[in-house]
Every structure is written in C-alpha cells, then in structure tokens.
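I am attaching a structure below and will ask some questions about it afterwards.
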Amino acid sequence: MTDLYYGDPLSRAFWDGARNGVLVLQRCADCGRWQHYPRPLCLGCESTSLESVPASGLGTIYSCTTVRISARPGLEPPYIAAIVELDEGPRMLTNVAGDTARIGDRVRIGWRHRTDAPPLPIFTVDADA
C-alpha cells in the first residue's frame, strides 16, 4: 500500500481508523464540536486543540440519489450516493449499500475493502438503529 493517503497529515488518523474498521473524526477539546473532513482549526471556535476520536458510525440519510452513469472503474452503477448526517453532527458524502435508501433512513457504517488503498466508508440502512 502506498503512502498516497498520508499526503495530508490531518487525514492520517481518519485513514488509520479506516484500516481498523473505526470511523475517526475530529473533535474540539475546547468547545466539543465534531467535524469532518479533518481541518487545522475548529469550525466552531477556531481553536487548534483538535483531537481524533472514534465516532459511533451511526447516522441519518440527509440526501441521496441513485447514480446510473458510470463515473469510474470499480464503482459500477447503479449505486446510491448519499450525504449522511452522523449522530455526532458532521455530514459525510458516502455510498449506501443495497438497492433502496430514503431521506430519513437510519444507517450504520461499514467498510469497502480495497487491495491498493485503505478501506472506504460505506453505510447500510439499519432498521434497528
């Protein structure tokens, strides 16, 4: 595996978490706000006291659509692209596994394993969540 995903030191904790099957997000030690994608400053209070913390991996579909046009090899249509609002607050662009997903559905994180790169987060509708 290459170091390509470590080109940005801010994202290292996210990708290390992905390799271990854990969603890792930034949380501000000063105001408690969670954020994703990783940044050098808190979006709430501009503090630099950010920590990388495991998140629940649970959320709600905020927006979704079924993609029917091929965008890249290895991601064959149809598939569901979604914005998931995580229980911790941030929203994440991702895929939802399966054939159906609706705005408001509760989802749980899983991981799409790849041979040449770290796993990617992918969510599934979770009727029990």
Side-chain angles (χ1 to χ4, degrees):
M1 187 161 329
T2 69
D3 241 11
L4 174 66
Y5 293 93
Y6 292 144
D8 176 7
L10 291 173
S11 68
R12 182 178 288 272
F14 176 83
W15 294 115
D16 285 346
R19 282 186 176 90
N20 294 312
V22 176
L23 177 62
V24 174
L25 303 177
Q26 282 184 326
R27 183 175 64 197
C28 180
D30 291 335
C31 73
R33 180 183 173 128
W34 294 75
Q35 61 188 29
H36 180 74
Y37 58 92
R39 296 168 171 91
L41 298 172
C42 173
L43 294 174
C45 70
E46 298 184 356
S47 170
T48 57
S49 298
L50 296 165
E51 51 193 6
S52 297
V53 181
S56 68
L58 299 173
T60 304
I61 296 177
Y62 176 81
S63 177
C64 63
T65 189
T66 300
V67 177
R68 299 186 189 285
I69 297 172
S70 181
R72 64 180 297 267
L75 190 57
E76 301 306 321
Y79 61 90
I80 298 171
I83 297 175
V84 169
E85 186 169 308
L86 300 168
D87 285 357
E88 292 79 7
R91 292 180 183 156
M92 173 183 258
L93 179 61
T94 187
N95 292 121
V96 177
D99 296 339
T100 59
R102 296 183 314 209
I103 293 171
D105 282 349
R106 294 288 293 160
V107 291
R108 177 179 305 273
I109 199 166
W111 299 94
R112 179 183 302 148
H113 294 278
R114 306 178 291 172
T115 57
D116 60 341
L120 288 175
I122 184 168
F123 286 77
T124 55
V125 174
D126 186 357
D128 298 327

*Under 4.0 Å between a Lys/Arg side-chain N and an Asp/Glu carboxylate O for Asp87 and Arg108?*
no
_Is there a side-chain contact between Leu10 and Leu50 in this structure, where contact means two heavy atoms from C-beta onward sitting under 4.5 Å apart?_
no
*How long is the gap from OG1 on Thr94 to CD1 on Ile80, to the nearest 0.5 Å?*
11.0 Å
*Please examine the side chains of Thr48 and Leu41, heavy atoms only from C-beta on, and report whether any two atoms are closer than 4.5 Å.*
yes
*Please examine the side chains of Trp111 and Leu23, heavy atoms only from C-beta on, and report whether any two atoms are closer than 4.5 Å.*
yes
*Return yes if some donor-acceptor pair links the side-chain N/O of Arg106 with the main-chain N/O of Gly59 below 3.5 Å, else return no.*
yes
*Working to the nearest 0.5 Å, report the span between NE2 of His36 and CD of Glu88.*
12.0 Å
*Pairwise distance CZ(Arg112) to CG(Asn95) - rounded to 0.5 angstrom*: 5.0 Å
*How far does OG of Ser63 sit from CD of Glu85, to the nearest 0.5 angstrom?*
11.5 Å
*Can you find a heavy atom in the side chain of Arg102 that is under 4.5 Å from one in the side chain of Cys64?*
no
*Is there side-chain contact between Asp126 and Val107, with at least one heavy-atom pair below 4.5 Å?*
no
*For residues Val24 and Asp16, determine if any side-chain heavy atom of one lies less than 4.5 Å from a side-chain heavy atom of the other.*
no
*What are the two closest heavy atoms between Pro77 and Ser70, and how far apart are they?*
CG-N, 3.6 Å
*Is there a donor-acceptor contact under 3.5 Å from the side chain of Glu51 to the main chain of Ala29?*
no
_Treating Asn20 as the side-chain partner and Val22 as the backbone partner, does any N or O pair qualify as donor plus acceptor under 3.5 Å?_
no
*What is the distance from atom CZ of Arg27 to atom SG of Cys42, rounded to the nearest 0.5 Å?*
11.5 Å
_So Phe123 and Leu86, do their side chains get closer than 4.5 Å, heavy atoms only?_
yes
*asked:* Hydrophobic clusters here meaning ILVMFWY residues chained together by side-chain heavy-atom distances under 4.5 Å, can you tell me if Ile83 and Ile122 are in one?
replied: no
*Taking side chain as C-beta onward, heavy atoms only, is Trp34 less than 4.5 Å from Val53?*
yes
*Quick one: do Leu25 and Trp15 end up in the same hydrophobic cluster if we chain Ile, Leu, Val, Met, Phe, Trp and Tyr together by side-chain heavy atoms under 4.5 Å apart?*
yes
*Just by distance, do the side chain of Arg39 and the backbone of Tyr37 share a donor-acceptor pair under 3.5 Å?*
yes
_Testing the basics here: between Pro38 and Gln26, what is the closest heavy-atom pair and its distance to 0.1 Å?_
CA-OE1, 3.3 Å
